[in-house]
Q: 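Dropping a structure here in structure tokens format, bear with me for questions.
These values consider heavy atoms only, across backbone and side chains, with no hydrogens, waters or symmetry-generated copies. Just so it is clear: chains get the letters A, B, ... in the order the sequence lines come, proteins before strands, and each one is counted from 1.
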Amino acid sequence: MKWKVRIEIMLKENILDPQGKAVKGGLNALGYKNVADVHVGKYMELIIADTDNQEDVNKQVDEMCQRLLANPVIEDYTFQVEKMEG
Amino acid sequence: MKWKVRIEIMLKENILDPQGKAVKGGLNALGYKNVADVHVGKYMELIIADTDNQEDVNKQVDEMCQRLLANPVIEDYTFQVEKMEG
Amino acid sequence: MKFAVITFPGSNCDRDVYHVTKEVLEQPTDMIWYNDKLDLSSYDCVILPGGFSYGDYLRAGAIARFSPLMESVTGYAKDGGLVLGICNGFQILLEAGLLPGAMKVNDSLKFVCKYTKLKVINAGTPFTNRYSKGEILNIPVAHREGNYYIDDEGLAELIANNQIVVKYLDDEENPNGSVVNIAGICNKEGNVFGLMPHPERCAESILGDGSKDGYELFASILDYVNKRGEKCG
Amino acid sequence: MAEKPWESEGLTKEEYDMIIDILGREPNKTELGMYGVMWSEHCSYKNSKPVLKRFPTEGKHVLQGPGENAGIIDIGDNQAISFKIESHNHPSAIEPYQGAATGVGGIIRDIFTMGARPIASLNSLRFGELDDEHVRYLFAGVVEGIAGYGNCIGIPTVAGEVYFSNAYKGNPLVNAMCVGIMDHEDISTGRAAGVGNPVMVVGAATGRDGIQGASFASDELTEESEEDRPAVQVGDPFMEKLLLEASLELIKTGALVGIQDMGAAGLTSSASEMASRGGTGIELDIDLVPKREEGMTPYEVMLSESQERMLVVPKKGKEKLVKEIFSKWGLHAAVIGKVTGDGMIRVLNKGEVVAEVPARSLADDAPVYQRESRRPDYLDEVQNYDLSRLIEPTDYNQSLLEVLGSPNIASKEWVYQQYDHMVLVNTVVLPGSDAAVLRIKGTKKGLAMTTDGNGRYCYLDPERGGAIAVAEAARNIVCSGAKPLAITDGLNFGNPMDPEIFWQFEKSVDGISQACRALNTPVTGGNVSFYNESPEGAIYPTPVIGMVGLLEDINLATTHHFKDEEDIIILLGETKEELGGSEYLKVVHNLEVGRIPELDLGLEKKVQETCLEAIKAGIVKSAHDCSDGGLAVNLAESCISSGLGARIKIETDLPPAALLFSESQSRIVITVTKDNLAKVEELAKKHAIPFTKLGEVMGDRLIINNLIDLEVEEMKRRWQESIPSRMEE
Ligand SMILES: Nc1ncnc2c1ncn2[C@@H]1O[C@H](COP(=O)(O)OP(=O)(O)O)[C@@H](O)[C@H]1O
Ligand SMILES: [Mg+2]
């Protein structure tokens, strides 16, 4: 079976996010004064094949995030797994 | 009212994604042979204040994406808006 | 002739370009602050230098292109003024829509700083008239987002209009993976030119490996402007 | 308060009692935190101060020696340069990208704080060996972090070194150096003078980043380090670029009394050091400090190590000017207090005094310890190892290729190609030669700069190893055509409480001092990093020397690449049978033992003078310091970088391995045209140094006696592919 995984990776709460700050500044300067806060992180989409069991996919993706995709020292991540057609 | 906006920005389908390719290679090398495809994009969280109407937020965010947050020449985006407590 | 060099917050090659136009080429040059909304019509050429405007956060050039001065630059370009974007300046021109296409991160995902061999494709622009078509140049690059992308249709148009000005010599010389080895392009009218390599870094033979190929680019502009002056006058 | 409140701040009971003595009462939590960071090894140098006094720090060029944020050297024509090296080892071990990036940011601030415009960065790196996945992760991350910060801020990273050894596996070393240039009248100091003058914070807002970072740096890395580390600091090079421009603009106005960056121990160290240097006090109000996060306690605000901030003391009435300049660059500037006459650091919060301690006691009166020192037992064993029993290789071509392919010798292009080394359009000699050379715009002059150190040598003999690091740095400077001026030192060692480690430290300092005296290169500043240990043990004792030299005429800048066929290749100095500690021994025999090469500082000086005189006479076409890897590697490098071969014929009684790979000191290989051979010989005679004609530049092969016969292309491949192939695994 095939699975589509969506992963969102963000800097931890109180870690400085220079990108977010710059984007907020940019949006405010463009006139969007009501943008109160911006954080910028990473988004990934994975296709996982040949795995029959959603539990296994969950476990594997969590491991991948820990080992490679995210940097647990400064980042948090969340993900959703969804079964694919066909 | 305050709104939390989650934006996902990705390279368009048919555009080569060097980051996705590298991450896939990395995962395969780590032993995750069943990872069939990877795409890497950006994830953003915005807090929008002082707007009472979800429609307005939607419209505004769409405009922000078009003008600044995404580059329409190479990127697609999607977003969700959610009302915040308090 | 008179040059204008724009400083955006985070520009870091602004003084380098200024050094070349002012000290090496010995032409009057003004440094202009991004936040001014000036009339640029008294300048013969406006240069957007390299660097990391706004830290290159989000995308290189994405935030800088909304600077107040960029409105003036757009008007100036529409009126036929010469605009040169180097590296980050090129990225800003793309984001601003003054040139077609977009930049992706280098295929290597790494910043790369080295001399590259370029081939002149169009020697008929105001920026390249001292080169000859097919001439090989040695000009350094330094960027992490120089992987030029344009769709097939756009590419066909670039080719049809002779808008590809310089290419990396071949696939091996291409430091970033850009489409058909594009290193620099101009607009249809030929008055707006953007390139990833840094001509200001090879305008004096004392530097690095001694190439002076970049000097000729600035000298081309000077020649062009002087000739145009003769014609008008 | 807790039962042993000093423990959580990294202090001892005795130190706690000293604080009670100073205050005449128990300190509160905020005060204790302030002492904790200021009396940490990182800030107070409490274990190293007495030893560092041995350094020669004076010279006629020295405008500012150790004690300020960075040293300053006069280079004539009313210009001066400021430079310093700094370690960021532990942060880089935890988070390689940000650790290295913020290290670069910190040292750059030290330089522009002095009023200098930074013109170049260098970096000295040590990692475990590249067959380890985590090591590769650290190496890649550190290099990317240095690139990420340096490239963005627009200061070229022009030189450095990278060295791999298992001794650094659990504790990499990341030392960053910055060099800046200024006019004499712009020299600034970190002094808070003039009672009543305002005290302002400029730059980034304060968050909870890196609280207790200084104490963290003053402890060993353990399994738990990943857990109890302070919040990782994230660098914002864009912010620092703005801060740099705004600060230099402000300094030019003459409105400033003092300026100091906020590095380790943040507001506490900058305020107490500025007050202490000025003989004043500072009163500041927590409420007025711009904050990034809500609900920060006075303790957190005083100890935060948020990056890209400075403390400035303008003349009274100039507050508005400061704000205007910073707001032009989009930055905050906030008055947070004032200079007082009572010598106290007084911290107010919501109208209440939350800390009140003498500035001097924080900045200068930390206890100083004379640690116990003992010659380590391992030394006899490693030094007396019998090298005469080693079997000579059968194929020297193979051995040379192996040595060239060692990541320690191999091309570092993979590293420096990621660094923008050309921005600011000053780089005359690019990375890849012995030292980087930069022109000084508007003059005929140039600056040469390098970092050098050899941990393996220092492990086998810390004193001589320290001296050799200085000698090699100077030789690199001389080979580029410059006269060595002064050094900054990065001293990386294990736990100083261990008498054997402390002995290594003392001896290294002695060796550095001797060489600096002999070569006339005073120490203008530096950095001590102790506690570089992991569960596997301490790192090799690793003093790193950052040296700067001056070229009177930039046109004399010299590289190590061979230039033309038929040029004559000459060795200045002499090759001896000295394979102890060599790269050859490590690579071919897997041994890190032996007596390291002798160093005769008198001869060293004469060899350097000869080389420099020849360069000044305009007859030297290439010059290359002969050290790591020995003569064969030296010649191979000059071939590889030029694509030209060489034919070498040497008469010698040395065993072949020693001839090719011995790392004898005080040797430089130069090339000249045939016509100038006699001139060099004369110079060598005049200085009474050994001189040997080795052969000539020729063809596309390197041929040495009947030992080596290799295509330059083949050597190049091995040398060039070594690091990339390991990193792409
Ligand atoms: N980390 C680094 N950053 C920048 N340049 C480096 C780095 N490591 C090595 N280099 C450059 O590579 C060249 C070779 O380095 P190295 O073998 O250490 O030289 P040497 O033995 O002459 O001191 C030098 O020009 C050096 O500056
Ligand atoms: Mg050398």
Q: In terms of heavy-atom pairs under 4.5 Å, which option from B:I9, B:L27, B:V5, B:V40 contacts chain A the most?
A: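 Result: the option with the highest number of such pairs is B:L27.
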Q: Please test B:E8 against A:E8 for side-chain contact (heavy atoms from CB on, under 4.5 Å), starting from the C-alpha separation and ending with a verdict.
A: CA-CA 9 Å; B:E8 283 147 10; A:E8 284 150 8; 2.8 Å; yes
Q: Closest approach of A:Y43 and B:K42, non-hydrogen atoms and distance?
A: CB-O, 3.4 Å
Q: Of the backbone (N, CA, C, O) and the side chain (C-beta and beyond), which part of A:E63 lies under 4.5 Å from a heavy atom of chain B, both, or neither?
A: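 Its backbone and side chain both get close to chain B.
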Q: When rounded to the nearest 0.5 angstrom, what is the spacing between CG in A:D37 and CD in B:E45?
A: 9.0 Å
Q: Answer with side chain, backbone, both or neither: which region of B:L68 has an atom nearer than 4.5 Å to a non-hydrogen atom of chain A?
A: side chain
Q: Kindly check if the number of other-residue, nucleotide or ligand heavy atoms within 6.0 Å of CD (A:E13) is above 12?
A: no
Q: Where does B:R6 contact chain A at under 4.5 Å (heavy atoms): side chain, backbone, both or neither?
A: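 Contact with chain A: none, neither part.
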Q: With rounding to the nearest 0.5 Å, note down the distance linking NZ in A:K33 to CG in B:D50.
A: 13.0 Å
Q: Quick check on B:K12: does its NZ atom have over 12 non-hydrogen neighbours (other residues, nucleotides or ligands) under 6.0 Å away?
A: yes
Q: Under a 4.5 Å heavy-atom cut-off, does chain A meet the side chain of B:L69, its backbone, both or neither?
A: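 For B:L69, the side chain is the part near chain A, not the backbone.
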